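In listed order, ligands and their atoms are each counted from 1. We use all heavy atoms of the structure for the numbers below, so side chains are in, but hydrogens, waters and symmetry mates are not. When a residue number appears, it is its place in the shown sequence, counting from 1. All figures in this text were calculated on a predicted structure; none of them were measured in a lab.
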Amino acid sequence: MTKVADILTTMEYGPAPESAKLANQWLDAHSRAFGMYIGGQWTTPTPDRMIDVINPSTAKRIAAISHGTADNVDAAVAAARKAFKSWSQMPGHARAKLMYGLARKIQKHARLLAVLETMDNGKPIRETRDIDIPLVARHFYHHAGWAQVMDTELPGYTPVGVVGQVVPWNFPLLMLAWKIAPAIAAGNTIVLKPSKWTSLSALAFAELCDDAGIPPGVVNIITGDGGTGDILLQHPGIDKIAFTGSTEVGRHIRNVTAGSGKKLSLELGGKSPFIVFEDADLDSAIEGIVDAIWFNQGQVCCAGSRLLVQEGIAEELYRRLRARMEKLRVGDPLDKAVDIGAIVAKAQLVEIETLVRQGQAEGAILWQPSWACPTEGFFYPPTLFTEVAPSATIAQVEIFGPVLVAMTFRTPAEAIALANNTRYGLAASVWSEDINLALDISGKIKAGVVWINSTNVFDAAAGFGGYRESGYGREGGREGMFEYLKPRGLYSEGAPALVPAASGANSRAVLAGVARLNSAIDRTPKNYIGGRQARPDSGYSRAVRGSSGELIGEVGDGNRKDIRNAVEAARAASGWAEQTAHNRAQVVYYIAENLAARRVDFAARLSQSTGVDAGDALAEVDASIDRLFTFAAWSDKYDGAVHRTPYRAITLAFNEPMGVIGVVCPDERPLLSLVTLMAGAIAMGNAIVVVPSEAHPLLATDLYQVLDTSDVPGGVVNLVTGPRADLANVLAAHMDIDAVWCFATPELVTLTERASIGNMKRMWTSSKRLHWESGDAGLIQEILRQSTQVKNVWAPYGA
Ligand code: NAD
């Protein structure tokens with residue numbers, strides 16, 4: 001028998017098991033076979049269509065869930081559609097009360113949910129009890145608040161409709177909360193599919209919805225594998241898709257839903273850097289690393305899986321880290337003193353083992369603690385790779401396990417280059433006692449979340465989501481609400497009138513202008529690239545015809561190479577993003593001033609090109625000048641936020657520019673639509689490559705001179721005229737463009753959305769006519785949102 005005196009010598013941990021009794025009783029009460037929750041009813045499980053639920057820490061079967069069919073999906077979507085009308089029209093306060101009640105239920109049953117999640121997923125009870133479930137409850141409370149204040153805080157927005165949601169297995173209930181809370185707060189109804197490996201907590205949640213009186217059909221839970229998910233997301237009755245999972249599946253979803261008009265948010269993979277500078281508090285940094293890569297066995301989308309260490313402290317940091325790793329405890333996740341639980345499934349364990357072998361084969365040095373993991377269940381020890389080449393597979397691929405790869409750097413610039421040397425951009429963690437350095441680095445990292453001297457901090461009030469191939473969309477906070485809303489009156493039927501501007505004298509001047517244009521000496525404009533006119537690569541020109549078919553000029557026939565050159569010029573103009581918002585505003589005002597000086601010329605060109613009468617043409621020019629003023633005004637007013645998160649940290653939300661945006665303009669209102677899109681994008685700090693209206697390109701080429709005289713730095717605005725569909729496809733497929741806006745036919749929208757999957761660029765497309773004439777907040781705010789992505793920087797404090 002162990003004596004107390006022995007324990008004092010060895011300091012061994014005793015067992016501290018959390019009881020699984022109530023969770024087992026709950027499973028027994030359901031005969032360990034679950035149906036699905038559709039329209040407030042439970043389907044009966046059919047024995048020949050079940051999926052086993054395995055406890056990953058024992059490898060034993062603990063229950064079975066239903067494998068959802070196309071009929072089940074139909075029924076769930078129909079139930080959600082039926083419930084949408086009354087749920088969306090319910091006063092915000094009524095929705096808020098129901099959601100508040102649901103949050104209370106989650107808290108009341110917190111321990112059952114935590115134990116169930118641990119049994120189903122394998123993650124330590126310490127995490128489910130202290131992190132996952134409290135954050136789930138917090139998410140519903142926070143969003144109950146959004147339901148309450150939506151009418152006054154988000155006026156002019158309506159819910160999107162029926163939302164199809166698919167979540168992964170790593171945070172089953174937390175990801176569900178991130179999806180369902182904002183969706184139903186905004187008045188949508190949902191059909192959600194959890195991962196086939198971890199559906200139990202979603203089913204327990206459905207019971208809580210029932211208990212809390214959430215009306216039937218508002219929340220529907222179907223279970224099944226990726227095939228069931230595919231049927232759900234491709235279902236024609238879904239208005240919006242919200243997906244969290246791997247980039248590979250995200251790419252598939254973007255591909256198969258191209259042209260469907262479904263609103264899409266994708267929260268995908270990551271390979272996030274954890275950067276330690278030599279002035280960091282190393283003991284804190286070590287605890288940060290433990291949290292960054294061994295929290296949830298490293299199965300975290302934003303895991304700090306790439307350790308970047310400043311060279312001078314690398315050996316010391318590795319030494320301390322190895323000592324800490326030696327003391328980590330892997331084992332029964334229901335044991336309250338265990339740090340690392342089980343990997344979710346055998347298949348994932350095999351995947352991790354394969355990548356680790358590959359890391360060794362590619363020459364990196366592996367280190368693991370001396371102790372062995374339990375052999376029953378799916379366990380993997382904490383692992384450190386050093387001497388990793390930045391291009392090694394393990395430095396580039398998301399391992400999704402407890403495996404850290406370390407690299408060194410010398411200077412801050414090198415740290416940034418290494419940090420951004422990834423196709424992902426989900427999160428980053430920066431460790432330094434120098435706040436100047438930390439904030440500077442935070443601004444230069446391409447990631448949606450940056451934690452200074454901290455890691456893996458989340459809250460419902462702060463948005464979370466990625467840059468680049470980590471997807472698009474945000475969850476949490478105000479920005480997360482917009483994912484589930486659409487502005488009223490963004491689109492218009494027909495062509496609404498503009499505010500008339502013409503006096504008789506002006507109209508005569510426009511008519512004279514048209515005559516002048518018609519008799520002018522031919523000047524074939526080239527493309528506009530890097531602030532200069534550039535001859536099109538093809539060496540061809542194309543004819544431009546006026547409203548009655550007459551030849552009114554020629555423009556360059558741009559091709560793939562011209563687009564490539566334009567993208568290169570736009571990328572080289574990155575200094576524009578770093579200018580002050582005040583400076584950018586001045587440039588946009590200057591464009592307005594110079595356009596105003598040529599008001600009659602542009603009206604004449606509009607009249608000549610489109611056949612509108614002089615009054616309408618002048619009104620369009622005036623509206624364009626007005627639009628430039630609007631975005632110049634917004635340039636230094638589209639602020640971020642400081643979130644009120646429940647930590648001793650300030651959370652700064654910045655609206656950062658997207659980067660390089662490809663803009664495919666519509667034919668309607670050829671000047672106004674072009675100027676609106678251009679002004680919004682550049683006012684926010686983007687550089688753009690524009691494909692102007694194919695029918696009316698001379699409006700765009702006339703702008704060259706205006707841009708030249710308005711101090712627009714070369715490369716900020718690039719214009720390539722030519723065959724719109726071909727050029728749009730090149731833009732959409734280009735790997736160095738961050739977003740594409742395309743206003744075109746349904747066919748072209750489909751093609752560009754499909755072509756965008758290479759680097760998962762953010763798409764804003766419409767084959768409906770946008771209400772360009774309206775200066776409404778809806779249109780302006782949409783453009784500002786599409787021009788930016790939110791980065792949340794967390795900076796903890798404390799003396
Ligand atoms: P996964 O992409 O394999 O599966 C995610 C979900 O999609 C599951 O429910 C699955 O059944 C479903 N699915 C699979 N194929 C589908 C298809 N063709 N159509 C529709 N649905 C389909 O991902 P996973 O292995 O469950 O989760 C791990 C991934 O999730 C990692 O890449 C991780 O980074 C990512 N993740 C991202 C975030 C984030 O917020 N960015 C959060 C958690 C996890």
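- Side chain to side chain, Asp738 and Tyr467 fail the donor-acceptor criterion of an N or O pair below 3.5 Å.
- Side chain to side chain, Lys179 and Thr244 meet the donor-acceptor criterion of an N or O pair below 3.5 Å.
- Closer than 4.0 angstrom to ligand 1 lie heavy atoms from Val166, Val167, Pro168, Trp169, Asn170, Met175, Lys193, Pro194, Ser195, Asp225, Gly226, Gly229, Asp230, Leu233, Phe243, Thr244, Gly245, Ser246, Val249, His252, Glu267, Leu268, Gly269, Cys301, Glu398, Phe400, Leu426, Phe464.
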Given salt bridge (Lys or Arg N to Asp or Glu O under 4.0 Å), test Arg81 with Asp239 step by step and report yes or no. CA-CA 10 Å; Arg81 177 64 58 199; Asp239 303 302; 2.8 Å; yes

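- For His139 and Asp459, the side-chain atoms include no donor-acceptor pair closer than 3.5 Å.
- A salt bridge links Arg423 with Glu469: the distance from a Lys NZ or Arg NE/NH1/NH2 to an Asp or Glu carboxylate oxygen falls below 4.0 Å.
- Applying the ring pair (Phe, Tyr, Trp, His ring centres under 6.0 Å) rule to Phe84 yields no partners; only residues at least two apart in sequence or on another chain are considered.
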